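Residue numbers start from 1 in every chain, and the chains themselves are labelled A, B, ... in the order their sequence lines are given, proteins ahead of strands. For clarity, every value in this text was computed on a predicted model and none was experimentally measured.
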Amino acid sequence: MARQYGVTSVNAPKQVGAALLGMGEELSAKTANGQIAVGKEVLLPLADLDKDWHRIGGREPNPLADAVLRSKRAGKWAVSYCAAMLDAMDSGGRIHPMINTLGARTARWSVSAPPLQQLPSSEWRIRRCIIADNPGDVIVASDFAQVELRVLAALAGASRVVERINAGEDLHSLVTRMVFPETAAMTDAELKNDKRRKLCKTISLGKAYAGGINTLARQTGLPVQQVKTAVQAYDRAIPEFGRWSKRLTREAYSNNMTITTPSGRILRLNRDKAYTAIAFMCQSSARDILGEALLNMRDAGLLRYVIGVVHDEVIASAPRKDAEEVSREIGRCMTMPFFGVDIASDPEVYGPTWGHGYAKHGPAADAIAETMEVAT
DNA sequence: TCAATGGGCGCG
DNA sequence: AAAGCGCGCCCATTGA
């Protein structure tokens with residue numbers, strides 16, 4: 001398909017860029033080195049697709065852009081995930097990934113061969129390769145609820161936020177009520193699909209990940225000026241985050257670009273990115289909370305069920321009859337206070353394979369249900 | 001033939 | 001004022 005347009009390899013950005021230009025497309029985005037960018041951000045709009053690969057209906061799709069996108073995704077999945085898992089499989093059908101428990105600069109874990117933490121989550125065909133230990137067993141999992149944002153609230157000393165989290169109020173809803181006073185009386189149900197809640201959620205994540213105004217504008221699809229106004233309202237409603245950021249940045253500058261986490265880890269920031277201090281702090285502390293949870297699981301004798309970790313999520317395998325209890329107990333081990341804020345988790349029982357929520361919601365629900373019938 | 005670099009893309 | 005953070009790993013290209 002792509003060959004018709006003179007593209008012999010979809011992984012060669014030069015070829016793809018030249019072919020698209022030849023078709024009359026305008027490619028204005030450039031990479032850091034000044035070359036023409038032809039990543040997903042460029043290709044998806046050309047193919048008239050949104051970030052979930054659904055037709056937008058805004059233009060005639062460019063067939064080459066569409067073909068390149070699909071070919072690259074298929075190649076990536078086949079090689080990086082399928083082949084990598086088959087390569088890593090032992091004679092008993094098990095994989096034993098390499099875990100570097102201090103892999104990242106923030107001390108997060110890195111996992112390789114295969115990259116268990118990177119398996120596609122947006123659909124189920126790859127993750128279903130991970131199956132429960134024994135026939136009749138099921139995968140159970142538990143993930144932390146907005147752990148990095150709760151860490152941010154606690155360490156920044158945003159006591160009004162922390163109090164409301166601990167009272168059980170939904171995090172993004174409570175932030176929305178603080179930032180937009182006119183929403184203060186709205187219920188969670190009313191706020192659920194409100195664009196102000198969506199905006200506040202994006203801004204909150206931007207705070208935790210050190211994102212800028214332009215990134216927020218791109219993520220929300222809103223004009224920069226409107227985002228700017230909203231961020232100002234946010235900072236006025238919750239001034240603690242900005243103050244903490246300033247304090248941490250100062251600490252970094254006076255300590256040779258390092259900051260020290262509450263657990264005593266010394267984190268080195270990029271020399272020219274002092275503004276990432278809160279991102280490093282939140283990510284590293286979230287990692288330590290997961291470590292604490294794993295120690296709790298060890299003490300509770302639950303580690304024998306655990307088969308993997310994905311940053312803020314614990315994956316386990318258990319006999320079906322024990323699944324509810326194992327899941328609940330793992331969830332309990334992941335529940336703890338952290339500098340005054342409650343850390344909560346969301347335990348779930350999946351099915352015979354690892355596939356997030358699809359057994360319940362996805363288009364493959366029937367197939368999964370059938371698989372479960374056969375397996376049990 | 002090999003290592004380094006750049007672009008790209010999967011995850012939380 | 002302005003700034004997405006952290007990874008693993010793929011392919012193509014480049015320069016020894």
Side chain A:Arg105 and base C:dG6 donor-acceptor under 3.5 Å = no

Give a yes/no answer on whether the side chain of A:Ser121 brings an N or O atom under 4.0 Å of OP1 or OP2 in B:dC11.
-> yes

With heavy atoms under 4.0 Å as the rule, sort A:Thr215 into base, sugar-phosphate or nothing.
-> base

Testing A:Val175, A:Thr176, A:Val179 for side-chain contact (heavy atoms from CB on, under 4.5 Å) with A:Arg197, which one passes?
-> A:Thr176

When you match A:Lys228 and A:Gln283 each to their closest nucleotide on DNA chain C, which lands nearer the 5' end?
-> A:Lys228

Starting at the 5' end of DNA chain C and moving along, which residue's nearest nucleotide shows up first, A:Asn214 or A:His311?
-> A:Asn214

At under 4.0 Å, does any side-chain N or O of A:Asn11 touch on OP1 or OP2 of B:dG8?
-> no

Would you call A:Asp188 and A:Arg177 a salt bridge, taking side-chain N to carboxylate O under 4.0 Å as the test?
-> yes

Give a yes/no on whether any side-chain N or O of A:Asn270 is located under 4.0 angstrom from OP1 or OP2 of C:dG6.
-> yes

So what does A:Ile213 touch, heavy atoms closer than 4.0 Å: a base, only the sugar-phosphate, or nothing?
-> nothing

Using a cut-off of 4.0 Å on non-hydrogen atoms, how would the nucleic acid contact of A:Ala113 be classed: base, sugar-phosphate, or nothing?
-> sugar-phosphate

From the list C:dT14, C:dA3, B:dC11, which nucleotide is the closest neighbour of the side chain of A:Arg127?
-> B:dC11

Using only side-chain N and O atoms of A:Thr106, determine if any of them is under 4.0 Å from OP1 or OP2 of C:dG6.
-> no

Between B:dG7, C:dG4, B:dG12, which nucleotide gets closest to the side-chain atoms of A:Asn33?
-> B:dG7

Between A:Arg108, A:Lys207, A:Arg287, which is the residue that forms a salt bridge (Lys or Arg N to Asp or Glu O under 4.0 Å) with A:Glu148?
-> A:Arg108

Determine whether A:Asp312 and A:Leu290 make a side-chain contact, defined as any pair of heavy atoms from C-beta on separated by less than 4.5 Å.
-> no

Go through the N and O atoms of the side chain of A:Lys40 and the base of B:dC9, and report whether any donor-acceptor pair is under 3.5 Å.
-> no

On a plain distance test, is the side chain of A:Arg108 in donor-acceptor contact with the base of B:dG12 below 3.5 Å?
-> yes

Within the modelled atom types, does a donor on one side and an acceptor on the other bring the side chain of A:Gln117 and the base of C:dC7 under 3.5 Å apart?
-> no

Integer angstrom distance from the C1' of B:dC9 to that of C:dG4 = 16 Å

To the nearest Å, how far apart are A:Glu148 CD and C:dG6 C1'?
-> 9 Å

What is the nucleic acid contact for A:Val38, judged by heavy atoms within less than 4.0 Å: base, sugar-phosphate only, or nothing?
-> sugar-phosphate

Is the distance from OP1 or OP2 of C:dC5 to the nearest side-chain N or O of A:Lys273 less than 4.0 Å?
-> yes

Test: A:Arg94 and A:Asp133 ion pair at under 4.0 Å | yes

Between B:dG7 and A:Thr31, is there an OP1 or OP2 to side-chain N/O distance shorter than 4.0 Å?
-> yes

Phosphate OP1/OP2 of C:dC9: any A:Lys76 side-chain N/O under 4.0 Å | no

Among C:dT13, C:dC5, C:dG4, the one nearest any side-chain atom of A:Phe280 is C:dC5

Give a yes/no on whether any side-chain N or O of A:Lys14 is located under 4.0 angstrom from OP1 or OP2 of C:dT14.
-> yes

Report yes or no: is there a donor-acceptor pair, N or O only, under 3.5 Å between the side chain of A:Gln118 and the base of B:dC9?
-> no

Using atom OH of A:Tyr81 as one end and atom P of B:dC11 as the other, report the distance to the nearest whole Å.
-> 7 Å

Rounded to the nearest 0.5 Å, how far does CE of A:Met297 lie from CG of A:Leu294?
-> 5.0 Å

Are the ring of A:Tyr275 and the base ring of C:dA3 both nearer than 5.5 Å at their centres and tilted by less than 30°?
-> no

Any A:Ser80 side-chain nitrogen or oxygen under 4.0 Å from OP1 or OP2 of C:dG8 = no

